[in-house]
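So you know, we letter chains A, B, ... as the sequences are listed, proteins then strands, and number each from 1.
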Number of protein chains: 2
Amino acid sequence: MNIAILGGTGKEGAGLALRWAQAGHSIIIGSRDAERARAKATELRDRAHKLPIVGHTNLEAAGLGEIIVVALPATGLAATLPELRAAVGTKVVVSTVVPLTFGGPRLFTPPAVGSSAEEVQALLPEARVVAAFHHIAAHELAETDHAIECDLLVCGGDAGAKEVVTTLGVSLGLRVIDVGALSNAGPVEGITALLATINRRNKLKNSGIKITGL
Amino acid sequence: MNIAILGGTGKEGAGLALRWAQAGHSIIIGSRDAERARAKATELRDRAHKLPIVGHTNLEAAGLGEIIVVALPATGLAATLPELRAAVGTKVVVSTVVPLTFGGPRLFTPPAVGSSAEEVQALLPEARVVAAFHHIAAHELAETDHAIECDLLVCGGDAGAKEVVTTLGVSLGLRVIDVGALSNAGPVEGITALLATINRRNKLKNSGIKITGL
């Protein structure tokens with residue numbers, strides 16, 4: 001599939017780009033700055049055997065991608081997404097956004113609407129938003145020599161969109177677990193606060209989660 | 001140790017009572033209704049070989065227990081805890097409370113303060129509150145013939161209190177993972193919404209979580 005990653009120059013977005021390209025998908029790295037997007041695409045493309053990764057502005061990427069992955073900072077959604085609304089239309093949109101605030105009294109700081117994924121949905125009302133990939137550590141994605149030890153939790157209101165995201169997860173070798181409607185995205189995003197805490201306390205970079213009993 | 005379980009007639013509280021009694025702790029089941037507490041204690045005590053479990057009102061239990069476990073419904077905290085404040089004092093208080101609302105638009109419905117554990121702390125300001133045991137399914141606790149397949153996530157502001165709760169977890173055979181301050185209790189409690197969703201979708205009663213990469 002043809003996947004556009006908005007904010008794809010960040011660690012999480014770039015890690016997903018690399019793994020998906022290795023799995024046979026075509027990737028468009030999106031950034032505010034087309035030059036930075038192209039530079040990151042070149043860097044990733046040359047990591048192995050000429051992977052299919054290109055760079056564009058977020059707006060161009062939103063138009064070119066079949067699937068749109070939002071890997072933007074939580075604080076940048078309201079400034080970035082409204083101008084992409086027409087380009088995104090009814091596409092499947094994957095929100096990997098985690099509303100964390102480091103250095104404050106509280107690490108997990110979701111918006112009033114409950115979660116960053118619900119904010120994405122509010123800003124792109126026609127899109128079919130699915131929340132996923134929050135727990136797959138960028139560090140795990142970047143080290144492509146081993147399998148990723150983490151389940152993929154997926155939630156959203158559109159069953160077809162969840163099917164598509166399930167395919168994306170399976171192509172990375174992940175076990176995919178449907179955790180219901182987009183109203184569960186807050187708890188999904190919140191787990192990242194716990195993993196970030198565990199990483200810091202234990203000097204790790206790649207803690208993850210597995211569901212037991214399934 | 002001597003553990004009082006407020007709301008111990010419920011499934012989660014009774015399951016913890018049973019497992020802890022089997023591990024050698026003395027248990028006081030608390031309930032609004034002393035008769036119900038005694039009946040549940042009798043039922044649990046007779047399950048194996050005369051386990052050390054008694055029943056009392058929540059107020060009496062709060063005075064008798066060395067450690068106080070709050071296993072009350074999230075909606076009952078404000079009505080129940082204020083009158084226990086003096087009896088609880090500076091004891092270690094374990095909140096297992098999960099703010100879930102079934103049948104509404106959103107399953108995870110934490111209070112404005114961020115989590116049920118932080119509400120417990122606000123209502124019992126002298127207590128040393130730790131959030132824990134939310135993900136250990138009541139069904140797993142009740143079936144005492146096998147080990148519990150779930151990690152124990154623990155958060156709170158008092159290191160000594162977390163040590164005590166770690167001991168309680170280890171006595172149930174659990175791996176205990178410190179996930180930081182009580183301000184992380186919202187994400188910890190939120191996981192229960194995901195496990196409840198997974199259970200419903202997969203006709204299970206005992207899904208749980210494990211942290212990977214540790």
Study note, to complete from the structure: Bottom line for Leu204(B): the part with an atom under 4.5 Å from chain A's heavy atoms is side chain
Review point. What part of Pro105(B) gets closer than 4.5 Å to chain A, counting heavy atoms only: side chain, backbone, both or neither?
Key: backbone
Review point. Nearest 0.5 Å, what's the CD1-CD1 distance between Ile198(A) and Ile211(B)?
Key: 4.0 Å
Review point. So how far is it from Ile191(A) CD1 to Ile191(B) CD1, rounded to the nearest 0.5 Å?
Key: 4.5 Å
Find the N and O donor-acceptor pairs between chain B and chain A that sit under 3.5 Å apart.
unit_1, atom_1, unit_2, atom_2, d
Arg106(B), NH1, Glu118(A), OE1, 3.4
Arg106(B), NH1, Glu118(A), OE2, 3.2
Arg106(B), NH2, Val113(A), O, 3.3
Arg106(B), NH2, Glu118(A), OE2, 2.5
Val113(B), O, Arg106(A), NH2, 3.3
Glu118(B), OE1, Arg106(A), NH1, 3.4
Glu118(B), OE2, Arg106(A), NH1, 3.2
Glu118(B), OE2, Arg106(A), NH2, 2.5
Glu149(B), O, Thr212(A), OG1, 2.8
Asp178(B), OD2, Arg201(A), NH2, 3.0
Asn184(B), ND2, Thr197(A), OG1, 2.9
Thr197(B), OG1, Asn184(A), ND2, 2.9
Arg201(B), NH2, Asp178(A), OD2, 3.0
Gly208(B), N, Thr212(A), O, 3.0
Gly208(B), N, Thr212(A), OG1, 3.2
Gly208(B), O, Thr212(A), N, 2.8
Gly208(B), O, Thr212(A), OG1, 3.3
Lys210(B), N, Lys210(A), O, 2.8
Lys210(B), O, Lys210(A), N, 2.8
Thr212(B), N, Gly208(A), O, 2.8
Thr212(B), O, Gly208(A), N, 3.0
Thr212(B), OG1, Glu149(A), O, 2.8
Thr212(B), OG1, Gly208(A), N, 3.2
Thr212(B), OG1, Gly208(A), O, 3.3

Study note, to complete from the structure: Max heavy-atom pairs within cutoff under 4.5 Å with chain B, candidates Ala196(A), Cys155(A), Gly208(A), Gly186(A), goes to Gly208(A)
Point to revise | Contact summary for Gly190(B) and Pro187(A), nearest pair of heavy atoms | key: O-CB, 3.4 Å
Study note, to complete from the structure: Heaviest contributor of heavy-atom pairs below 4.5 Å to chain A, chosen from Val188(B), Leu182(B), Leu153(B), is Val188(B)
Check your understanding: Any idea which of Leu194(B), Ile177(B), Leu195(B), Val179(B) has the most non-hydrogen atom pairs under 4.5 angstrom with chain A?
Key -> Leu194(B)
